[in-house]
Every structure is written in C-alpha cells, then in structure tokens.
S.K.: 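What follows is a single structure, and I will ask about it in a moment.
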Amino acid sequence: MPHASSPTPEAPLYVNDGRLLPEQTGYLRPSSPDEPLEVLRDRYHNDGYLFLKGLIPRSDVIKAREAYFELLSPSGVLAPGTAPADGIFDSSRNKLDFPGIGAGSADANGRPSGGVFVDLALKAHTEPFYKDVFCKNPALLAFISKFTGWNENTLALTRTLLRNNTPGNKAIGVHYDQIFLRHGEDTSVTAWVPMGDIALDGGGLIYLEKGQTLGEEIERDFYRKATETGLTELEAKDAFNKNMMSGGLLADGPKDFGEQYKRRWLVTTYEAGDVVLHTPYTIHASTINYDAKNIIRLGTDLRFVDSSRPYDMRWTNDYRFGDGV
Ligand SMILES: O=C(O)CCC(=O)C(=O)O
Ligand SMILES: [Fe+2]
C-alpha cells in the first residue's frame, strides 16, 4: 500500500474539468483501525481525514452491494449475464439514462433526469438491507463512538446519500460538508464508505491535501462577508449557499481548483470494508469513473454527530430529491 510520500499515480485520472496530471496528485495515507486512538485522532486532525483499511467486514459490504444491484437490475443497468454483486454496467446502454445520484444535473424538483433507474436508486435508501442493516453497521458505529469519545451520544444521521457513479458520468465537484450541515455545530464526522472495490480510475473520492485548513479559511471568509453586509446570523447561514455555486459547491472542477490553491489531490484504490472519515471542512471531490471493466462505483456518506449537542435537524429525514439541503 503506497504511503502519502510515495511517487504519484501514473494511471490517467479524470475529473470534471480534465485530466489530473501525476504531479497534481499524491496518495491518501492508509491507517489501521488497530493503531492507538491518540495516533488516529492526531492524524485525523492533521490530515483532515482518516483512511481506515478494513474497518467493516468485507462480506457485509458485498452483501449490501449485491442487494443494491438486485434492486436496480430491472432498470437494465447491469451487463447481461453478470452477477449483481459485481455491479458491471451494460456498456451498450446510453450512460445518460443512468445518471448518478447527487453529482449530475437535476430537474427543477431536484430529480436527476432518468427513468426507472433513478426511481430505484432513490428507493434503495429506505430498503431494509441498506437503512436498517448497512447504515447501522456495528463495527463502524463502535469505532466512531470510541474515536470521537461521544460514546452513547453517538448518533448516525438518517439522511444519507447512496451514490452510484456509472462509467463516464459526471462526478461530484469540489466541496466541504459543513456547507450542507450548517444548521448544526461543526463537529460532525462523515464516514465515506465505498460499497465495493474501487480501482484507482474507478471513480473514488479524492481529498485536497491539507484541505481542511483551506475549508476553514473559506468558511471564515464567507461568514465575514455575509455579516459585513448586515445579515443576521441566520440570514448569513442561508446566504452561504448563494455565495457558492448552485448546489453549494466551491467549484465544479477539481483540476482548476487544485491549480488555483497550489495543492495536490490525494487519491487511492479502495477495497470493500475500507472507510474514510473526514471533518466538516475537509475539501473533497470525486474522479470520473473510467474503470476498465465498467464496474459501477457505489458508495455512501454516513454522518455522525454528538446527539447531546445541537445538530442539523434537516438530516433527520430520509433523503428525497429536492429536499433543500
Ligand atoms: O461519493 C461521492 O461522490 C461524494 C461523497 C461525499 O462528498 C461525502 O461523503 O461527503
Ligand atoms: Fe462530501
């Protein structure tokens, strides 16, 4: 497993605004869940993320992946004769009929333009295999409650986004999560959970090196600008998203953003069972999925808060298109 200081990746990696050059990238630093907690906490705060190898049993992840693609299979998304757990896209189909959730364009009601595929992808969020089993994974919950020290106050927010990046489709742009969680304190933890193995060019999440310090600066700056114009605190909260691109992104294109701030994007391959924890100010995005075998990238964002403190109540409902968050 490469270390953060290893040579940069050679495989071509594409983001929304073009190819990331090897010198614009580095590797995410992997950690073992068994390392001492103080070491892991320091690393999370210094790096803005913690890339935990094998935190969740692989079989739990593969089971959920299989159930997901069994549910979506009637949409015709899978290559004929392939196993649902493999999640292989039928490349004879038009990728635009299979748009990703939460990354691409949506209609006025926030619904991605696509037929039964989109309906089933939304439905998956409330299926028992996902909502009651996968999102409540005991290994993940136990780790977060110990890692944060929140113990029995550790609460998994109900709103989650189950994201399916079909090959060649648009990837999520540059953002930090507090943009979407700003009706609560800035202490939440996001667990990004790949649901399956993801090759380097298979559409995994990428992290801006030391992005959390820049995210904090950007946040302070927005806040100052908003209050200087005479807005109340509540008005300022709502004004943030107006200062950003529609959908709350800092930028659509990671390449240009990295060049502008002279920082590298950290990339990696992922294995089923890995989890990345990141802070509310950690800047991240995704690569476009150009997996050589047309494997669909599936992943979910599970968010945890300290329930004894104020948190963003808009996240207590299941995800719906156009839910305004
Ligand atoms: O899976 C993705 O493409 C985006 C995930 C994300 O932004 C997050 O987990 O915070
Ligand atoms: Fe995010």
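In each ligand, atom 1 is the first atom listed, and ligand 1 is the first ligand listed. Both backbone and side-chain heavy atoms feed into the values below; hydrogens, waters and symmetry mates do not.
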S.K.: For ligand 1, is there an N or O atom under 3.5 Å from any N or O atom of His284?
M.R.: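 Yes.
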
S.K.: Only heavy atoms of Ile172, strictly under 4.0 Å: list the atoms of ligand 1 that pass.
M.R.: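 Close to Ile172: 3 (O), 4 (C).
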
S.K.: With a cut-off of 4.0 Å, which atoms of ligand 1 are near a heavy atom of His278?
M.R.: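 Those atoms are 8 (C), 9 (O), 10 (O).
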
S.K.: Please step through side chain to side chain donor-acceptor pair (under 3.5 Å) for the pair Asp60 and Asn137, ending with a clear verdict.
M.R.: CA-CA 8 Å; Asp60 291 358; Asn137 191 277; 3.0 Å; yes

S.K.: Please could you name the atoms of ligand 1 that Thr190 approaches to less than 4.0 Å, counting only its heavy atoms?
M.R.: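 With Thr190 as reference, the close atoms of ligand 1 come out as 9 (O), 10 (O).
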
S.K.: To the nearest 10 degrees, how large is the angle at the Fe ion (ligand 2) between His175 NE2 and His284 NE2?
M.R.: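 NE2 of His175 and NE2 of His284 make an angle of 90° at the Fe ion (ligand 2), to the nearest 10°.
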
S.K.: side-chain contact (heavy atoms from CB on, under 4.5 Å), that's the test. Do Ser286 and Asn165 meet it? Break it down for me.
M.R.: CA-CA 10 Å; Ser286 174; Asn165 287 18; 3.7 Å; yes

S.K.: Which ligand 1 atoms are under 4.0 Å away from a heavy-atom of His175?
M.R.: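 Every atom of ligand 1 under 4.0 Å from some heavy atom of His175: 7 (O).
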
S.K.: Taking the side chain as C-beta and beyond, is there a heavy-atom pair between Asn164 and Tyr68 under 4.5 Å?
M.R.: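 Contact flag for Asn164/Tyr68 side chains = yes.
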
S.K.: Could you find the nearest protein heavy atom to atom 3 (O) of ligand 1 and give me its residue, atom name and distance?
M.R.: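 In this structure, atom 3 (O) of ligand 1 has Arg297 NH2, 2.7 Å as its nearest protein heavy atom.
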
S.K.: Closest to the Fe ion (ligand 2), which N/O/S atom of Asp177 is it?
M.R.: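 For Asp177, the N, O or S atom at the smallest distance from the Fe ion (ligand 2) is OD1.
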
S.K.: Is ligand 1 under 4.0 Å from a heavy atom in the side chain of Asp177, in the backbone, in both, or in neither?
M.R.: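 Only the side chain of Asp177 comes within reach of ligand 1.
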
S.K.: Donor-acceptor pair, Asp42 side chain versus Val39 backbone, under 3.5 Å?
M.R.: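 No; zero donor-acceptor contacts below 3.5 Å.
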
S.K.: Going by the atom numbers of ligand 1, which of them fall below 4.0 Å from some non-hydrogen atom of Leu205?
M.R.: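 Once the distances to Leu205 are compared, the set is 1 (O), 2 (C), 3 (O), 4 (C), 5 (C).
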
S.K.: Mind listing the closest non-hydrogen atom pair of Asn289 and Arg297 along with its distance?
M.R.: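 That would be ND2-N, 3.5 Å.
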
S.K.: Quick check: Arg303 and ligand 1, any N/O pair under 3.5 Å apart?
M.R.: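 Among all N and O atoms of Arg303, at least one is under 3.5 Å from an N or O of ligand 1.
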
S.K.: Report the relative orientation of the aromatic rings in Tyr290 and Tyr14; use parallel for angles under 30°, tilted for 30 to 60°, perpendicular for over 60°.
M.R.: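 Tyr290 and Tyr14: perpendicular rings.
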
S.K.: Between Glu219 and Arg182, is there a side-chain N and carboxylate O pair less than 4.0 Å apart?
M.R.: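 Salt bridge present between Glu219 and Arg182.
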
S.K.: Exactly one of Arg264, His278, Gln212 should register a side-chain hydrogen bond (donor to acceptor under 3.5 Å, both in side chains) with Tyr207. Which one does?
M.R.: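 Considering Arg264, His278, Gln212, a side-chain hydrogen bond (donor to acceptor under 3.5 Å, both in side chains) with Tyr207 is found only for His278.
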
